[in-house]
Structure formats: structure tokens, C-alpha cells
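I have placed the structure first, in the form of C-alpha cells, so that the comments after it can refer back to it.
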Number of protein chains: 2
Amino acid sequence: MQSREKEILKVAEKMVRKGGYNAFSFREIADKVGIKSSSVHYHFPTKADLGAAVAFYYTENFLDRLGNLDELIKARKDPIKTYIKVFRDALTKDKHMCLCGLLGAEVNGLPPEVAGQVKIFFERNIEWLTQAYLLKNGTTAAKKAAMHTLALLEGSMILSNVLGDIKVFDKSIDSLA
Amino acid sequence: MQSREKEILKVAEKMVRKGGYNAFSFREIADKVGIKSSSVHYHFPTKADLGAAVAFYYTENFLDRLGNLDELIKARKDPIKTYIKVFRDALTKDKHMCLCGLLGAEVNGLPPEVAGQVKIFFERNIEWLTQAYLLKNGTTAAKKAAMHTLALLEGSMILSNVLGDIKVFDKSIDSLA
DNA sequence: GTCTATAATTTGATAGAC
DNA sequence: GTCTATCAAATTATAGAC
């Protein structure tokens, strides 16, 4: 991927994480990147293409930040605590919602390509968490625990974001840690 | 409130719950109600006015459905189970996300009037749940439990909606019931 | 790869007639 | 209270020059 495309994706991600899929336009992105809107169309033909690409690279980056599960175990790090930290950092450092949490909320109004990528984010995260719970507790209820954790984290992000208080996030997820 | 305004609010709510604040327009609403877009402007001068009104009446209806807490206790009904049912019904009967859950996710991109109303939804719900936990358990950790429950329900709604499976909702919130 | 130019559509909003 | 008429701006998208 070229650096221009990276720039575009970065700007687009920020805008989507602020107000959802309909909160960005080719012109606005072009202005911020310093090119023309038609140039954005060159890299991403349609809005759905760009939206799906944003969701795809967000998922990749997110899983990268989680790191390799086996290595975490080897280093005697609690994978669940790592997982929580990645979520929390999104709220405190990026100062924005989880992109796929937001797009997940409005999934019924998204173009199929975008909705599909959002679904993949959730599937891959549940997969990661399920493995983490299996390694940690060896329980057969690992998948249920995974869905519980992901749901609680996404919901806590919304609560904390609306009420404008990071302590709300910490209190809501207290039972996880 | 007149019936026309009710009609407009009803149609608008449905559209917002599908794709967020930017997923409805005065023209689309007018078409579905059977009037002209300028007539919608008569009832709700600006889009922010309409958005805030939708959030306000959604909150009122939601709290109405919860019912009076003291009466629930008197009738020996578990208020938490009632609360969960109201959320679950939104997903199964209305077949849509919680309006304020969705708007809460994109709160950073909303006009202040709308964001304010969304915030009130969360405040009032935490209040209701806190009282419920106080009555049920008499615990001082009632507010924390309230935030946990609300966050988990909103997050579970997103998960279930994205993955297109109501069982995901039930599994995610299993620890609540 | 980025540009100019432009098209077609949609959008939020207003003025004034009935 | 609803309509017609209209507006300016924004939006997605395309064709073709450099």
C-alpha cells in the first residue's frame, strides 16, 4: 500500500470514529490530505470501497496491537489484561470510539462490503478472546466468556464516551480484571 | 403533541436506529409520512431539533416500558430481569438497535442538542438501575453494578446485531440473569 | 498519480401563497 | 398546517488532460 493511501485511510478512520460512516466525505478527506476529491476516487473508487478498507486496516492494526497469544502466555502476561488495555488506549490515547464498535451499531445502514468487514472484526476478536480464555481457564465456556468481554468493552466505551468520563469505563469493566 | 408530529418522530426514529443521525433526511421522512419536506420543517425547524426530539421521546418511552420500580418490587418481580427484557425486545420485536446506544456511539459527531439528550438517556437509565440494585442487594456498589449492566446490554446489542444472531445477545449477558 | 471540469443528485433550509 | 417554489451547498462519481 502506498503512503497516500495510508494517509487517506488514517484521515478517514478518524472521521468515521467521530460520527460514523456518513460522517466523512471525499472532499473533506481530500482537503485534509491536501489533494483533490477526484484523486481520492482514484485510490478508492467508491465510498463503500473506502469504508471497507478503513474497517479492514483497523482490524489488522487492532489485532497487531493485541500481539501473539502464545508469546503473551510465554511471557506470563495475562492476555485478558492486554486485551482490555488495547481497548482502553483507544479511548484515552486516540480519544475516539472503537471504529468497528461504532460501525457495528449502525451496521443495518451500511453498504454490504463495509458491513462484511465489520462482521469480520467481531469474529476475529471473539476468536482471539476464546483462545485466550481457553488457555487461561481451560473452560468449555470460553466462547461465552469471549462474547461477554467484547460486548462489555464495546458498551463501556459508549457509556464512557457519552458521559465524558473515563472512570465510567473503568467502573463498568471492573468485574473483568 | 399532535399526531403528525408523532408520525414524523416514529418514522425518524426508525431511520436513525438503522443507520445513525446522518441516515435520515427531511425529504425521506416527508415521503414516508406523505407530506412535503417543508412541512416537516414546520414541526421541527432544524435537523438538530428533530434529532433531539427523537432522542427525548425515545427516552420517555423507554422509561415508561421499564415501569415504576416500587411497583415492580411490590409485585415481587425482579427489576433487573424486567430491564433486560425491555432491551431484548428492542432487538427482537423492533428489530433495531437501541436508538441511544447508536447515537451514543457517534456522540462526538452530533449537534450539542442531540448529544445532550442522548446523555440524559444514559444518566436516567443508570439512575433507574442503581435504585434497582440498591433495592435488590442493598449494596453500596449499586452504581457500579448499574453501569456494568447498561454497558453490557448496549454492547451485547451491537454484537448480536453485527453477527445477526440473537443467541449472541443471550450468551453475552448470561452472567446478568 | 494528480489534476480540471463537470454532472446528477441530495441535502438542509427559507419565503410566501393558500 | 400544508403547500409550491426555490436556494445554496454538499455529495458521490466520471471523463479526460497533464
Side-chain angles (χ1 to χ4, degrees), chain A residues 1-57 102-103 106 108-117, chain B residues 1-57 102-103 106 108-117:
Chain A
M1 188 175 47
Q2 283 142 322
S3 70
R4 254 300 136 75
E5 292 181 358
K6 273 187 197 166
E7 268 186 274
I8 292 168
L9 288 171
K10 208 174 157 185
V11 170
E13 180 190 310
K14 206 171 177 178
M15 292 165 91
V16 174
R17 286 174 73 179
K18 197 179 169 194
Y21 181 73
N22 294 298
F24 80 92
S25 72
F26 280 78
R27 274 236 196 358
E28 248 183 300
I29 289 171
D31 287 349
K32 296 208 180 183
V33 172
I35 54 176
K36 294 291 167 185
S37 72
S38 42
S39 303
V40 181
H41 276 286
Y42 168 77
H43 295 286
F44 304 96
T46 70
K47 186 169 180 173
D49 289 331
L50 179 46
V54 169
F56 174 76
Y57 285 107
L102 207 167
L103 291 181
E106 55 185 22
N108 300 308
L110 296 179
E113 309 98 292
V114 187
Q117 278 300 332
Chain B
M1 189 174 47
Q2 284 141 321
S3 70
R4 252 301 134 75
E5 292 180 359
K6 273 187 199 166
E7 269 185 275
I8 292 169
L9 288 171
K10 209 174 155 185
V11 170
E13 181 190 312
K14 206 171 176 179
M15 293 166 87
V16 175
R17 285 174 74 181
K18 197 179 168 196
Y21 181 73
N22 295 298
F24 79 94
S25 73
F26 281 78
R27 257 181 182 75
E28 246 181 301
I29 289 172
D31 287 348
K32 295 208 178 181
V33 172
I35 55 177
K36 294 291 165 183
S37 71
S38 41
S39 303
V40 182
H41 276 286
Y42 168 78
H43 295 286
F44 304 96
T46 69
K47 185 168 180 173
D49 289 330
L50 179 47
V54 169
F56 174 77
Y57 285 107
L102 208 168
L103 291 180
E106 57 185 21
N108 300 308
L110 296 179
E113 310 98 291
V114 187
Q117 279 299 333

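Just so it is clear, the values below take in all heavy atoms, side chains as well, and ignore hydrogens, waters and symmetry mates.
- We find the OH-CE distance between Tyr57(B) and Met1(B) to be 4.5 Å, quoted to the nearest 0.5 Å.
- Taken to the nearest 0.5 Å, the CG atom of Asn108(B) stands 10.5 Å off from the CZ atom of Arg17(A).
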Discussion item. Assess the residue pair Val11(A) and Phe24(A) against the criterion (side-chain contact (heavy atoms from CB on, under 4.5 Å)); give the C-alpha distance rounded to whole Å, side-chain angles, the decisive distance to 0.1 Å, and a yes or no.
Written reply: CA-CA 9 Å; Val11(A) 170; Phe24(A) 80 92; over 6 Å; no

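- Minimum interatomic distance between Val114(B) and Ala48(B) (heavy atoms only, all atoms of both residues): CG2-O, 3.6 Å.
- The salt bridge (Lys or Arg N to Asp or Glu O under 4.0 Å) test applied to Glu28(B) returns no partner, not counting sequence neighbours.
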Item to complete: Report the C-alpha distance between Glu106(B) and Glu106(A) in whole Å, list the side-chain angles of each, state the deciding distance to 0.1 Å, and finish with yes or no for side-chain contact (heavy atoms from CB on, under 4.5 Å).
Response: CA-CA 10 Å; Glu106(B) 57 185 21; Glu106(A) 55 185 22; 3.2 Å; yes

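- Across all strands shown, Ser39(B) has heavy atoms under 4.0 Å from base atoms, whether or not it also approaches the sugar-phosphate.
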Fill in: Trace of the side-chain contact (heavy atoms from CB on, under 4.5 Å) decision for Ile29(B) with Ile8(B)
CA-CA 7 Å; Ile29(B) 289 172; Ile8(B) 292 169; 3.9 Å; yes

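- Heavy-atom distances under 4.0 Å link DNA chain C to Ile35(A), Lys36(A) of residues 29-36 of chain A, given in residue order.
- In this entry the distance linking NZ of Lys47(A) with P of dT9(C) reads 18 Å, nearest Å.
- Taking all atoms of both residues into account, the shortest heavy-atom contact from Ala30(B) to Val40(B) is CB-CG2, 3.9 Å.
- Residues passing the salt bridge (Lys or Arg N to Asp or Glu O under 4.0 Å) test with Glu113(A): none are found, sequence neighbours excluded.
- From His41(A), atom NE2 reaches atom CG of Leu50(A) across 9.5 Å, with rounding to the nearest 0.5 Å.
- Among the protein residues, Phe44(A) comes within range of no part of the nucleic acid, since none of its heavy atoms lies under 4.0 Å from any strand.
- Distance CZ (Phe26(A)) to P (dT9(C)): 19 Å, rounded to an integer number of Å.
- Each of Arg4(B) and Arg27(B) was matched to the nucleotide of DNA chain D holding its nearest heavy atom; the match closer to the 5' end belongs to Arg4(B).
- Whole-Å rounding puts the Glu28(B) CD to dG12(C) C1' distance at 14 Å.
- Residues of residues 9-20 of chain B having a heavy atom closer than 4.0 Å to DNA chain C: none are found.
- Among the protein residues, Ser38(B) comes within range of the nucleic acid bases, having at least one heavy atom under 4.0 Å from a base atom.
- Arg4(A) CZ to Leu9(A) CG: the interatomic distance, rounded to the nearest 0.5 Å, is 13.0 Å.
- Contacts of Tyr42(B) with the nucleic acid, taken as non-hydrogen atoms under 4.0 Å apart, include base atoms.
- Where DNA chain D meets chain A (any atom under 4.0 Å from a heavy atom), the bounding nucleotides read 5' to 3' are dT11(D) to dT14(D).
- Both key distances under 3.5 Å define a Watson-Crick or G-U pair, and stretches of 3 or more such consecutive pairs in DNA chain D run C:1-18 with D:1-18.
- For Lys47(B) and Tyr21(B), the positive end sits near the middle of the six-membered ring, less than 6.0 Å away and at most 45° from its axis.
- A salt bridge is defined here as a Lys NZ or Arg NE, NH1 or NH2 lying under 4.0 Å from an Asp or Glu carboxylate O, and Glu7(A) with Lys10(A) fails to meet this definition.
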